[in-house]
Amino acid sequence: MKMEMLIDELSEIVDGAFTLPLSGGKTVVNTERIREIIDEMRTNLPQEVRQAKNIAADRNNIITKSKQEAEAIIQQAEERAKTMIDQSEIVRQAQQKADDIIYKANVQANEIKQAANAYIDNAMKQADDELSANLANLKKTRQKLKSLQQKDSVIKK
């Protein structure tokens with residue numbers, strides 16, 4: 001977001017530049033402000049990259065938590081099943097319940113993992129799309145500035 005605002009501000013500076021009379025289209029811009037904006041862009045770009053890395057780390061944390069929860073559920077089911085080994089009927093029922101709990105835990109763990117993967121993938125795609133758009137805008141603005149500089153150097157000769 002911040003990058004887009006900075007690019008918009010650069011564009012406004014270029015669009016609002018004062019054209020020098022009899023200069024063949026040369027304009028006067030506030031180079032100090034442009035340098036400030038470029039410095040802010042340099043500062044903000046790594047921040048957006050860090051945000052994308054944090055999203056990836058969050059994904060890994062969610063997956064790890066999901067696995068731990070699944071393992072805890074499975075361990076609870078196994079412990080519960082072991083305590084019910086007293087009689088044959090109780091053993092049969094306990095085994096059935098343990099199997100059901102393990103199955104449900106595995107299903108739940110898979111659902112949590114899929115949801116976490118989908119969330120992280122979506123968040124990373126959004127971050128990627130924003131970074132790509134920002135980079136494209138930055139390249140476009142940079143190309144405009146180069147074009148203006150080239151025109152300036154051709155006119156000076």
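Below, all heavy atoms of this structure are taken into account, side chains as well, without hydrogens, waters or symmetry copies.
With hydrogens and angles ignored, the 3.5 Å screen pairs a side-chain donor or acceptor of Thr141 with a backbone N or O of Asn137.
Linking Ile, Leu, Val, Met, Phe, Trp and Tyr whenever their side-chain heavy atoms come within less than 4.5 Å leaves Ile62 and Ile73 in two separate clusters. Linking Ile, Leu, Val, Met, Phe, Trp and Tyr whenever their side-chain heavy atoms come within less than 4.5 Å puts Leu131 and Ile38 in one cluster. Following chains of ILVMFWY side-chain contacts shorter than 4.5 Å, one can reach Ile34 starting from Leu6, so the two form part of one hydrophobic cluster.
In this structure, a donor-acceptor pair under 3.5 Å is present between the side chains of Gln95 and Asp99. Checked by atom type, the side-chain pair Asn134/Glu130 shows no donor-acceptor distance below 3.5 Å.
Counting heavy atoms from C-beta outward, Lys125 and Asp129 have side chains that approach closer than 4.5 Å.
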I would like to know whether Ile37 and Ile13 meet side-chain contact (heavy atoms from CB on, under 4.5 Å); could you show each step before the answer? CA-CA 11 Å; Ile37 292 170; Ile13 290 171; 3.5 Å; yes

Verify side-chain contact (heavy atoms from CB on, under 4.5 Å) between Gln108 and Ile112, making sure each step is shown before the conclusion. CA-CA 6 Å; Gln108 184 181 13; Ile112 291 170; 3.9 Å; yes

Apply side-chain contact (heavy atoms from CB on, under 4.5 Å) to residues Met41 and Ile7 and explain how you reach the verdict. CA-CA 8 Å; Met41 292 171 80; Ile7 291 170; 3.5 Å; yes

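Between Arg33 and Glu36, at least one side-chain nitrogen of the basic residue sits less than 4.0 Å from a carboxylate oxygen of the acidic one, meeting the salt-bridge criterion.
Residues satisfying the salt bridge (Lys or Arg N to Asp or Glu O under 4.0 Å) test with Glu71, not counting sequence neighbours, are none.
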